[in-house]
Amino acid sequence: MVAGLTGPGGQAEPRLYERALSQVARLASGFRPRPLAAMHGGHIVVLWPAAATAQPTDDPVPAMVMRTLEMSVPGTSVTVAVSDQVSAMYGDSYRIAKGVLEIAVRAGRTGAVLAVEDLGILGLLLQIDEPAKLADFALRILKPVVDYDTDHRTELVATLRAYLACRRDRAATAARLVIHPNTVAQRLRRIEKLCDHDLDDPAAVMQLAAAMTVYDLAVLP
């Protein structure tokens, strides 16, 4: 499990993470074999053995962890991402869970327990165990837009990212970027031409959304 804390201004302060981690460690101390909890990469990471048992409970382990986190940092939104692929290496499970968390937070789906299955096609992409393949997928679709930004010092990638985050609402996109709605419309037409994708086509939008998410996760440093 990889857990993130979101405060009013974004990611919560380190002291809140420290407090939350101590409470998760306390919860884990009652189970055998004892689960491991630590800070890594700016998030709380929990390695919970499938065989770990304690007092009988009907609550799934991720729900217990989330409730513990919520009680330790009231007023802070808690998101727990789970990768329960017991056949995967620990590193792969961590990478998948971290990807689920980042996608969820970016999409505003905080305050929940999420697994890779909850992300649809994006969840399937996260399970590809070669980051280079993910990067190739994203760049194959977005490279014309990325190159155009580089050559012309434009912000088409940022516009597409905001447009998708605003659920294709052009007025909301303009407000987020602090530009005129007509400018958003012009940029979107340019993106459609460069990528040869129609933003009124749900299948094309899904592919662009997947590519944009993978670009942010696997291509950007």
Side-chain angles (χ1 to χ4, degrees), residues 1-120 122-123 125-127 131 161-162 164-167 176 213-214 216-218 220-221:
M1 288 171 281
V2 180
L5 311 179
T6 307
Q11 188 171 19
E13 299 176 6
R15 63 181 179 83
L16 295 180
Y17 271 96
E18 293 172 3
R19 183 193 309 168
L21 177 61
S22 67
Q23 293 304 311
V24 172
R26 179 177 297 180
L27 170 69
S29 67
F31 289 77
R32 295 293 182 275
R34 183 170 179 171
L36 302 176
M39 286 293 301
H40 181 73
H43 298 108
I44 295 172
V45 179
V46 184
L47 184 61
W48 198 285
T53 58
Q55 296 291 334
T57 176
D58 294 329
D59 290 341
V61 169
M64 285 194 301
V65 171
M66 182 167 180
R67 186 169 61 250
T68 299
L69 289 168
E70 289 176 330
M71 292 176 63
S72 65
V73 286
T76 300
S77 181
V78 176
T79 309
V80 176
V82 181
S83 177
D84 58 0
Q85 300 184 42
V86 295
S87 61
M89 299 294 290
Y90 294 149
D92 290 338
S93 293
Y94 166 74
R95 176 183 57 80
I96 291 171
K98 184 174 181 288
V100 171
L101 176 66
E102 292 181 349
I103 291 172
V105 171
R106 186 174 291 118
R109 296 178 64 181
T110 57
V113 174
L114 294 167
V116 68
E117 294 83 5
D118 298 318
L119 300 182
L122 293 179
L125 290 172
L126 284 175
Q127 295 179 71
R161 183 185 293 112
L164 295 170
C166 292
R167 300 188 179 187
R176 174 173 292 198
T213 300
V214 171
D216 287 341
L217 290 174
L220 288 181

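The structure places CE of M64 at 5.5 Å from CG of L27, a figure rounded to the nearest 0.5 Å. Separating the OG1 atom in T213 from the CD1 atom in I103 is a distance of 5.5 Å, to the nearest 0.5 Å. Of the inter-residue distances, the one linking R161 atom CZ with R176 atom CZ reads 10.5 Å to the nearest 0.5 angstrom. To the nearest 0.5 Å, the span separating NE2 on H43 from NZ on K98 amounts to 6.5 Å. Annotation: the span from T68 atom OG1 to L21 atom CG amounts to 12.0 Å, rounded to 0.5 Å. Distance check: L36 CG to Y90 OH gives 8.5 Å after rounding to the nearest 0.5 Å.
Taking the salt bridge (charged side-chain N to carboxylate O under 4.0 Å, His left out) definition, one finds that E117 meets it with nothing, sequence neighbours left out. Applying the ring pair (Phe, Tyr, Trp, His ring centres under 6.0 Å) criterion to Y94, with sequence neighbours excluded, gives H40. Not a single salt bridge (charged side-chain N to carboxylate O under 4.0 Å, His left out) links E70 to another residue, sequence neighbours left out. For A20, the side-chain contact (heavy atoms from CB on, under 4.5 Å) partners are L5, I44, L69, S72, V73, not counting sequence neighbours. For the side-chain contact (heavy atoms from CB on, under 4.5 Å) test, residues two or more places apart in sequence or in another chain that qualify with S29 are R34.
Scanning both residues, T79 and G111, for their nearest heavy atoms gives OG1-N, 3.2 Å. Between A3 and L101, the shortest heavy-atom distance links the atoms C-CD2, 4.0 Å.
Among pairs with a residue in residues 11-20, those fulfilling salt bridge (charged side-chain N to carboxylate O under 4.0 Å, His left out) read E13-R15, at least two apart in sequence or across chains.
Side-chain contact of T110 with S77: a donor-acceptor pair under 3.5 Å is present, judged by distance alone.
Heavy atoms from other residues, nucleotides or ligands lying under 6.0 Å from CE of M71 number 12 at most.
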